[in-house]
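See structure below.
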Amino acid sequence: MAHWLMKSEPESYGWDDLVRDGGTEWDGVRNNAARLHLRAMKKGDEAFFYHSMSDKAVVGIMRIAREAPPDPKNADWVSVRVEPVKAHARPVTLAEIKAEPRLAKMELIRQSRLSVAPVRDEEWQVVLQLSAK
DNA sequence: GCCAACGTTGGC
DNA sequence: GCCAACGTTGGC
């Protein structure tokens with residue numbers, strides 16, 4: 001099972017909105033690299049929900065409930081369905097991630113503008129540990 | 001509010 | 001096919 005990280009500004013659509021809705025269609029991704037990651041997601045994969053801009057923290061875990069449909073007429077419509085799994089006991093801030101040497105290679109750090117990014121298994125575990133502290 | 005990083009567009 | 005100009009994202 002693969003792991004991912006998906007960003008949203010909490011003011012436009014945050015973790016609380018996701019929980020309220022019980023899940024959502026993750027669309028509106030325009031960046032091509034991010035789109036490729038969306039297409040690579042499989043049902044059952046898990047993803048961190050990251051609040052960008054005002055919050056800058058990983059706040060919870062989502063599950064990919066439906067993969068992107070194949071061959072859309074318009075690449076802009078690529079989307080997956082995500083559902084909330086669990087809020088972190090404690091959000092893991094960007095500052096903490098940057099301060100943790102084992103997370104230095106995260107795509108989140110290396111390419112800050114990428115809104116949908118893969119997360120390595122080791123990195124996933126480290127972030128989980130930080131969220132439980 | 002500023003600016004760095006990155007992507008896209010369009011002129012040549 | 002190159003590159004300058006411009007737009008967007010997101011951290012600071």
Side-chain angles (χ1 to χ4, degrees):
Chain A
M1 184 181 71
H3 293 117
W4 310 92
L5 180 145
M6 301 160 89
K7 292 184 185 178
S8 180
E9 293 186 42
E11 287 76 19
S12 73
Y13 195 88
W15 175 261
D16 291 343
D17 298 305
L18 181 69
V19 171
R20 179 199 62 213
D21 296 343
T24 195
E25 199 71 14
W26 201 281
D27 54 14
V29 173
R30 298 196 191 146
N31 175 281
N32 204 48
R35 222 182 262 143
L36 287 172
H37 293 316
L38 269 191
R39 310 226 94 228
M41 291 179 180
K42 297 294 179 191
K43 184 178 176 179
D45 284 357
E46 289 182 328
F48 285 135
F49 193 120
Y50 177 82
H51 279 172
S52 62
M53 304 294 283
S54 59
D55 198 18
K56 282 168 285 183
V58 178
V59 294
I61 299 169
M62 306 184 282
R63 176 180 171 276
I64 308 305
R66 200 214 62 243
E67 300 171 18
D71 303 322
K73 295 166 199 158
N74 182 343
D76 290 342
W77 296 343
V78 170
S79 69
V80 298
R81 182 167 180 83
V82 294
E83 292 173 357
V85 173
K86 193 166 182 281
H88 280 164
R90 206 181 55 82
V92 179
T93 66
L94 180 63
E96 289 176 89
I97 291 172
K98 286 193 162 178
E100 170 53 62
R102 289 174 293 171
L103 299 177
K105 290 185 178 173
M106 277 190 84
E107 299 309 313
L108 176 70
I109 307 297
R110 301 179 67 147
Q111 195 182 339
S112 67
R113 286 183 55 205
L114 190 59
S115 63
V116 181
V119 176
R120 295 171 189 85
D121 291 345
E122 319 84 78
E123 295 163 349
W124 181 269
Q125 294 304 327
V126 172
V127 173
L128 280 186
Q129 285 165 22
L130 292 175
S131 74
K133 276 185 182 172

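The chains referred to below are lettered A, B, ... by the order of the sequence lines, with proteins before strands, and numbering in each begins at 1. Since the model is a prediction, treat every value here as computed from it, not as a measurement.
When the C1' atom of dG10(C) is taken as reference, atom CD1 of Ile109(A) falls 12 Å away, rounded to whole Å. If you measure from atom NE2 of His51(A) to atom P of dT9(C), you get 17 Å, rounded to the nearest angstrom. Atom CG in Leu114(A) sits about 15 Å away from atom C1' in dG11(C), given to the nearest Å. Distance Glu107(A) CD to dG10(C) P: 15 Å, rounded to the nearest Å. dT9(C) atom P lies 7 Å from atom CZ of Arg30(A), rounded to whole Å. In this structure, CG of Asp55(A) is placed 13 Å from P of dC12(C), rounded to the nearest angstrom. The CZ atom of Arg110(A) sits 18 Å away from the C1' atom of dG11(C) (whole-angstrom rounding).
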Sub-3.5 Å pairs of nitrogen or oxygen atoms, protein against nucleotides 2-7 of chain C:
none

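In this structure, CD in Glu122(A) is found 11.0 Å from CE in Met106(A), a value given to the nearest 0.5 Å.
Residues Glu9(A) and Ser12(A) bring no donor and acceptor atom of their side chains to less than 3.5 Å of each other. Side-chain contact, His3(A) with Asp121(A): a donor N or O sits under 3.5 Å from an acceptor N or O.
Using a 4.5 Å heavy-atom threshold, the side chains of Ile109(A) and Lys98(A) count as touching. Within the 4.5 Å cutoff, no side-chain heavy atoms of Arg39(A) are placed close to those of Glu67(A). Glu46(A) places none of its side-chain heavy atoms less than 4.5 Å from the side chain of Trp4(A). Within the 4.5 Å cutoff, side-chain heavy atoms of Tyr13(A) are placed close to those of Ser8(A). Between Met6(A) and Leu38(A), the closest side-chain pair of non-hydrogen atoms falls below 4.5 Å.
Just one residue in the list Arg81(A), Glu83(A), Lys86(A) forms a side chain to side chain contact (heavy atoms under 4.5 Å, CB included) with Arg63(A), and that residue is Glu83(A).
Listed in residue order, the members of residues 2-14 of chain A having a heavy atom less than 4.0 Å from DNA chain C are Lys7(A).
Neither OP1 nor OP2 of dT9(C) sits under 4.0 Å from any side-chain N or O of Lys56(A). Distances shown here put every side-chain N or O of Tyr50(A) at or beyond 4.0 Å from the OP1 or OP2 atom of dT9(C).
Consecutive Watson-Crick or G-U pairs involving DNA chain B, each under 3.5 Å on both distances, make up stems of three or more pairs at B:1-12 with C:1-12.
A pairwise comparison of heavy atoms in Arg120(A) and Lys105(A) identifies NH1-O, 3.1 Å as the closest pair.
The number of heavy atoms from other shown groups lying within 6.0 Å of CZ (Arg90(A)) is above 12.
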